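Read through the structure below, which is laid out as structure tokens, and then see the notes.
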Amino acid sequence: MNPMRKKCVKEEICADVMIKILDFLPSKSLAKFKCVSKCWEKYIADCRCRRWNQKPHLVGFFCQHSEITRELLFFFSSDHSVIDGTFDDNLFHGKARLVAASNGFLLCNVKKVHYYVYNPATSQLLVLLKTQICMEDDDNNPPPVGFTICKVDNPDNKDDIISFTIVRYAIPLYPSNLQSVVTIESFSSETNVWTANKIILDVPLRLFPCTFMKSPSASVIDGVFCWYDDSLQITVYDSIHKSFWALKLPEDMERGRGCGYLGSSAGGLYFALNVIFKGTVIVWYLASNIRNRDAVWVKKYVGNVRSTVLQCPEDFGVEGYPHIELNNMVIHPTVPHIFYLGFQRNIISYDFEMDVAQLVNIFSGCPTMKRYKLFPFEWYQWPRRLL
């Protein structure tokens, strides 16, 4: 046998054994051991990936009206069932605005500086401390907010518990100016405090809120928070290394009015663009590492949604419509080639690989989908206890 080949086989076996050993350790121990070496960091990343590769029991999305905030609907993609999840006024004491969702938990905002983590499966509500910074929070100038839920192993061998992290940053009142400093405010359920940090940027950036998208356009992958805005860039915050930068959008993208969307599915980052006057949606996949500042985008799917829907207008309740205008979209959390799209009063699921559209729901007698926000939903068989 070739000596080099023998050495490679030995390394592969050792790595496999190491990952199996680490798999028995709780998440907090893995976080500590990640600093031992680069090899250990890779082993632990593989170990965590295997833990999170379980399939969710339910997949779909949340839907909330932009003004009737107490009403919340759940849509499940398995049987297209709809559940009324109206917020309990006794819990929130006011209008609860849904700002983010992660693994079946909701992040809600009632006032500019008050956030709540809500579990719709059990109606469990966790009231967070008041934020340190009062960022502008209105329809014209909202603070980009990121929210991620993760499972924490309980050292007492009882039910595991859930921890979460929230990250947000300020959009300047005059976004045309270059920003050399960005204020990041984050909350960890493990420390139970808001922490504000000012980060000096390597390269000054222009920060613009995404005004056209009605649904949130953000994602979190491996501690990296990403937001899409209207300056033809994606702003990125690495919560592990405390760094902030911008990613360029796909260079070959065909710019359409107002319909960019950023989301994650099956562990990958995707950017979708609705070319509004053509009824076409183009989807790109981020092929480079999430922490690589030089983004490599690969065009993944192109679908003419308008053409597909208008082939059978009666099935989608759009008889007599010469065209359809997509208002919002959200990616399927585990199947990247499926998107949920909203137009007129309808929500459809669209399969880019099969070029098939399927009606999910029609809001008869209600405002158009321009007034609704969509949030991806995936629910695992996890304990319902928040840290």
Side-chain angles (χ1 to χ4, degrees), residues 56 58-65 73-83 101 212-217 228 250 253-254 256-266 268 270-285 298-378:
L58 292 172
V59 175
F61 59 91
F62 300 105
C63 183
Q64 185 184 43
H65 192 278
L73 300 176
F74 307 154
F75 293 86
F76 300 120
S77 61
S78 56
D79 56 3
H80 286 179
S81 60
V82 181
I83 295 180
F212 290 108
M213 279 301 302
K214 299 302 180 183
S215 295
S217 199
Y228 166 67
M253 81 174 203
E254 186 177 357
R257 278 192 60 191
C259 296
Y261 169 78
L262 181 72
S264 59
S265 178
Y270 292 82
F271 178 77
L273 180 74
N274 169 27
V275 186
I276 193 168
F277 296 112
K278 296 183 179 180
T280 300
V281 177
I282 308 172
V283 182
W284 289 267
Y285 168 72
V298 176
K299 186 178 292 186
K300 195 75 173 179
Y301 309 111
V302 178
N304 193 319
V305 181
R306 179 176 64 185
S307 175
T308 301
V309 170
L310 292 182
Q311 286 180 6
C312 303
E314 63 280 357
D315 293 341
F316 299 95
V318 292
E319 300 96 327
Y321 285 86
H323 68 278
I324 62 171
E325 178 182 336
L326 299 178
N327 303 125
N328 45 35
M329 65 180 77
V330 67
I331 193 171
H332 191 290
T334 60
V335 185
H337 57 84
I338 294 179
F339 274 67
Y340 299 108
L341 308 172
F343 63 92
Q344 270 86 11
R345 293 180 172 84
N346 304 345
I347 296 179
I348 66 171
S349 64
Y350 187 84
D351 189 326
F352 282 91
E353 289 189 351
M354 303 296 294
D355 190 24
V356 172
Q358 187 173 1
L359 180 66
V360 175
N361 191 68
I362 297 180
F363 290 86
S364 59
C366 294
T368 66
M369 283 305 300
K370 289 183 179 180
R371 312 298 294 274
Y372 284 91
K373 298 179 181 180
L374 306 182
F375 299 80
F377 169 84
E378 50 184 327

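Bear in mind the structure is a predicted one, so any value in this text is a computation, not a measurement.
- Rounding to the nearest 0.5 Å places CG of L273 at 10.0 Å from OG1 of T280.
- Scanning both residues, Q344 and N327, for their nearest heavy atoms gives N-OD1, 3.7 Å.
- The heavy-atom pair separating I338 from S349 by the smallest distance is CG2-CB, 4.4 Å.
- Using cut-offs of 30° and 60° for the angle between ring planes, the Y285 and Y270 rings count as tilted.
- Note that the CZ atom of F316 and the CG atom of L310 stand 9.5 Å from one another [nearest 0.5 Å].
- By the 4.5 Å heavy-atom criterion applied to side chains, Y350 and D355 are counted as neighbours.
- Here the side chains of V305 and I348 are in contact, with some heavy-atom distance below 4.5 Å.
- The shortest side-chain heavy-atom distance between V330 and Y261 falls under the 4.5 Å cut-off.
- Rounding to the nearest 0.5 angstrom, the gap separating the OG1 atom in T308 from the CE atom in M354 is 12.0 Å.
- Here the shortest heavy-atom pairing between A272 and M329 reads CB-SD, 3.7 Å.
- Separating the CZ atom in F271 from the NZ atom in K299 is a distance of 12.5 Å, to the nearest 0.5 Å.
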F339 vs V283, side chain to side chain contact (heavy atoms under 4.5 Å, CB included): CA-CA, chis, key distance, verdict: CA-CA 10 Å; F339 274 67; V283 182; 4.0 Å; yes

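- One distance of note links CG of L374 with CD1 of I331; it measures 13.0 Å at 0.5 Å rounding.
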Side chain to side chain contact (heavy atoms under 4.5 Å, CB included) between L359 and D315, worked out: CA-CA 8 Å; L359 180 66; D315 293 341; over 6 Å; no

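- The shortest heavy-atom contact between P336 and Y301 is O-CE1, 3.9 Å.
- Heavy-atom minimum distance, P376 versus P333: CB-CG, 4.1 Å.
- Atom CG of D351 sits about 5.0 Å away from atom NE2 of H337, to the nearest 0.5 Å.
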